[in-house]
Amino acid sequence: MKADLIVGIQWGDEGKGKIVDLLAQNYGVVCRYQGGHNAGHTIVVDGRRVALHLIPSGILNPEAVNVIGNGVVVSPKALIEEMAQFDNLEGRLLISDKAHLIFPYHEEIDRAKERLRGSKAIGTTGRGIGPAYADKVSRQGHRMGELEDIEKLHQKIMDYFETNRPYFQALGVEPPEGERLKEELKRYREALLPYVTDVTQYLWEVLERGERRVLLEGAQGTLLDIDHGTYPYVTSSNTIAAGACSGLGLAPKDIGNVIGIAKAYSTRVGNGPFPTEDHGLDGERLRRQGNEFGTTTGRARRCGWFDAVAARYACRINGCHELALMKLDVLDGFDRVKICVSYRYRGEEIDYLPSDLEGVEPLYIEMEGWESVQGIDNYRDLPKGARAYIEKLEELVETPISIISTSPDRKDTIFRKERP
Ligand code: GDP
Ligand code: IMO
Ligand code: MG
């Protein structure tokens, strides 16, 4: 059996949590493969809101096993806090022994570097994501499996501080106090070690047996990918579908259906190029109607119209078989809706994404708006304008839109094809 995959095709916050939660009812295993607690996924069930950062959004299906892969960077402190929301996670949560650890000093480094960057700050979530991945890549990180031997891990962390002393001094980051660190590590071991295992082996067996369907849940979005996003204004992991292979130990042949998640308009939180950003009344109205404030940091999200050039690029790079279009109701009541169909770049009109998005000017088409789609759960019942908008997007991004979401609630979702 193959694993199906969900991936954000914009700058994150597309509504991945809602779709993973919804589809997870038909999956036995849900896995995160990159990112950390920079992610924020809000799920609404019967009016109750649940915010998830590290635990996969399959956790609300009591039958599903939730896996945190080796590609994720795990803050033990944040994970323990998040786990406290749920009863009896035994057998329902597995954490890779190869996942790298985020410690409080990573968060301090993250914030110190942002301060030093001044006006060129990335606008990170301040969760220590970049510094933890930097330690991993420079081969001085610490991994989940090391919690087994606290004495050894403690010594390794103290040595790490010794080796990097000049760097920490320059950033004004204090080394942890020895005894306090040891106590903390003991707490982490006690709370987390029972869940730590070789998740790659587990997934190989699950796929081989074929009894449980596997869903892979991307965090962030394609345009925040470290290689293919708007570098350097990106996160520090491979957010695209390909990241699922390295982040879980799967082979390309293990990946089945790829579902891209898109918002019916665009948002971005943090700094960096955003061609369709609207600084005027439309942007303001999208923020208000879409309640575009971050789940993780509470920051106001930057808003603008749908960017079909960026979305087509994202569908290609992820190999999306289909798309879920989220938050269509947020466009309710606009007289006209706009779609960016090409860019003006260095005096020419182009229909592709240049590696440097700075200085790109969006070129739009306008379509008629509609009154309301709020809560509609059947395609035929959508107003004509909304259907025309959806069909235009499909044509522009060259990918079928098979799921449409018309409110935060699970039940307000249109499925245009039978799902296995
Ligand atoms: P994620 O990071 O991709 O999981 O997305 P977030 O949870 O950060 O942001 C999406 C927000 O939109 C959440 O607050 C959801 O409850 C909400 N949401 C999801 N789908 C819809 C929808 O169709 N309509 C509206 N109005 N809100 C939605
Ligand atoms: P979900 O999974 C939106 C953004 C930050 C910043 C950049 C780098 O909820 O879609 P980082 O802390 O990762 O080093 O910050 O990435 N960012 C997100 N934006 N949704 C997210 O996750 C994000 N995770 C990180 O705002 O611009
Ligand atoms: Mg989010």
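In listed order, ligands and their atoms are each counted from 1.
Taking the salt bridge (Lys or Arg N to Asp or Glu O under 4.0 Å) definition, one finds that Glu391 meets it with nothing, sequence neighbours left out. A search for side chain to side chain contact (heavy atoms under 4.5 Å, CB included) contacts involving Pro408 returns Val44, not counting sequence neighbours.
Between Arg410 and Asp21 there is a salt bridge, since at least one side-chain N of the basic residue sits less than 4.0 Å from a carboxylate O of the acidic one. Ionic pairing of Glu184 and Lys77 is not present here: no N-O contact between side-chain nitrogen and carboxylate oxygen is shorter than 4.0 angstrom. The residues Arg189 and Glu146 are annotated as not salt-bridged, no charged nitrogen and carboxylate oxygen being separated by less than 4.0 angstrom. Ion pairing of Arg416 with Glu394 is present here, as a side-chain N (NZ or NE/NH1/NH2) and a carboxylate O approach within less than 4.0 Å. Using a 4.0 Å cut-off between charged nitrogen and carboxylate oxygen, Arg287 and Glu284 count as a salt-bridge pair. Between Glu14 and Lys263, none of the side-chain N atoms (NZ, or NE/NH1/NH2) sits under 4.0 Å from a carboxylate O, so this pair counts as no salt bridge. No salt bridge links Arg127 with Asp110; every basic N to acidic carboxylate O contact stays at or beyond 4.0 Å.
For Gly221, the heavy-atom gap to ligand 2 stays at 4.0 angstrom or more. Under the 4.0 angstrom criterion for non-hydrogen atoms, Gly8 is not in contact with ligand 2.
Residues His142 and Tyr160 bring their aromatic ring centres within 6.0 Å. Centroid-to-centroid, the aromatic rings of Trp370 and Phe334 stay 6.0 Å apart or farther.
No more than 12 heavy atoms of other residues, nucleotides or ligands lie within 6.0 Å of OH in Tyr231, so this atom counts as exposed by the packing criterion.
Atoms of ligand 2 found under 4.0 Å from any heavy atom of Val269, numbered from 1 in the order shown, are 3 (C), 5 (C), 19 (N), 26 (O), 27 (O). For ligand 2, the atoms sitting less than 4.0 Å from at least one non-hydrogen atom of Ala39 are 1 (P), 2 (O), 9 (O), 22 (O), numbered in the order shown with element in parentheses. Numbered from 1 in the order shown, with element, the atoms of ligand 2 that lie under 4.0 Å from a heavy atom of Trp11 read 3 (C), 19 (N). Per-residue contacts place Thr124 under 4.0 angstrom from the following atoms of ligand 2 (heavy atoms of the residue considered): 6 (C), 11 (P), 12 (O), 14 (O), 15 (O). Which parts of ligand 2 touch Gly123 is read off a 4.0 Å heavy-atom cut-off, strictly below it: atoms 5 (C), 6 (C), 26 (O), 27 (O). Counting atoms of ligand 2 from 1 in the listed order, those under 4.0 Å from a heavy atom of Asp13 are 1 (P), 3 (C), 9 (O), 10 (O), 20 (N). Using a 4.0 Å cut-off to heavy atoms of Arg299, the atoms of ligand 2 that qualify are 5 (C), 26 (O). Set against the non-hydrogen atoms of Ala219, the atoms of ligand 2 under 4.0 Å away are 2 (O).
Considering only non-hydrogen protein atoms, atom 7 (C) of ligand 2 sits nearest to Val234 O, 3.9 Å. Looking only at heavy atoms of the protein, atom 12 (O) of ligand 2 is closest to Thr125 OG1, 2.6 Å. In terms of protein heavy atoms, atom 17 (N) of ligand 2 is closest to Leu224 CD1, 3.9 Å. Here the heavy atom of the protein found nearest to atom 13 (O) of ligand 2 is Thr235 OG1, 2.6 Å.
Counting all heavy atoms, side chain and backbone alike, Leu224 lies closest to Tyr233 at CD2-O, 4.0 Å. Of all heavy-atom pairs spanning Ala300 and Val269, the tightest one is O-CG2, 4.4 Å.
Side-chain atoms of Arg213 do not come within 3.5 Å of backbone N or O of Tyr27 as any donor-acceptor pair.
Note on the Mg ion (ligand 3): protein N/O/S atoms under 2.8 Å are Asp13 OD1, Gly40 O.
Of the listed residues (Gln10, Gln220, Glu217, Glu114), the one carrying the non-hydrogen atom nearest atom 2 (O) of ligand 2 is Gln220.
Each of Arg302, Arg285, Arg268, Lys327 was compared with Glu292 under the salt bridge (Lys or Arg N to Asp or Glu O under 4.0 Å) criterion, and only Lys327 meets it.
Counting heavy atoms closer than 4.0 Å to ligand 2, residue Asn38 contributes atoms from both its backbone and its side chain. At a heavy-atom distance under 4.0 Å, only side-chain atoms of Lys16, from C-beta outward, approach ligand 2. Only the side chain of His41 comes within 4.0 Å of ligand 2, judged by heavy-atom distances.
Between Tyr105 and Phe161, the two ring planes are perpendicular [angle over 60°; tilted spans 30° to 60°].
Using a 4.5 Å heavy-atom cutoff, the side chains of Val30 and Val67 are not in contact.
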Quick check on ligand 1: any N or O pairs to the protein under 3.5 Å? One line per pair.
unit_1, atom_1, unit_2, atom_2, d
ligand 1, 2 (O), Asp13, OD1, 3.3
ligand 1, 2 (O), Gly40, O, 2.9
ligand 1, 3 (O), Glu14, N, 3.1
ligand 1, 3 (O), Gly15, N, 2.9
ligand 1, 3 (O), Lys16, N, 2.8
ligand 1, 3 (O), Lys16, NZ, 2.9
ligand 1, 4 (O), Lys16, N, 3.3
ligand 1, 4 (O), Gly17, N, 2.8
ligand 1, 5 (O), Gly15, N, 3.3
ligand 1, 7 (O), Thr42, N, 2.7
ligand 1, 8 (O), Asp13, OD1, 2.9
ligand 1, 8 (O), Gly40, O, 2.8
ligand 1, 8 (O), Thr295, OG1, 3.3
ligand 1, 8 (O), Arg301, NH2, 3.2
ligand 1, 12 (O), Lys327, NZ, 3.0
ligand 1, 23 (O), Lys327, N, 3.0
ligand 1, 23 (O), Ser405, O, 3.2
ligand 1, 23 (O), Ser405, OG, 2.5
ligand 1, 23 (O), Ser407, N, 3.2
ligand 1, 23 (O), Ser407, O, 3.3
ligand 1, 24 (N), Asp329, OD1, 2.7
ligand 1, 24 (N), Asp329, OD2, 3.4
ligand 1, 26 (N), Asp329, OD2, 2.7

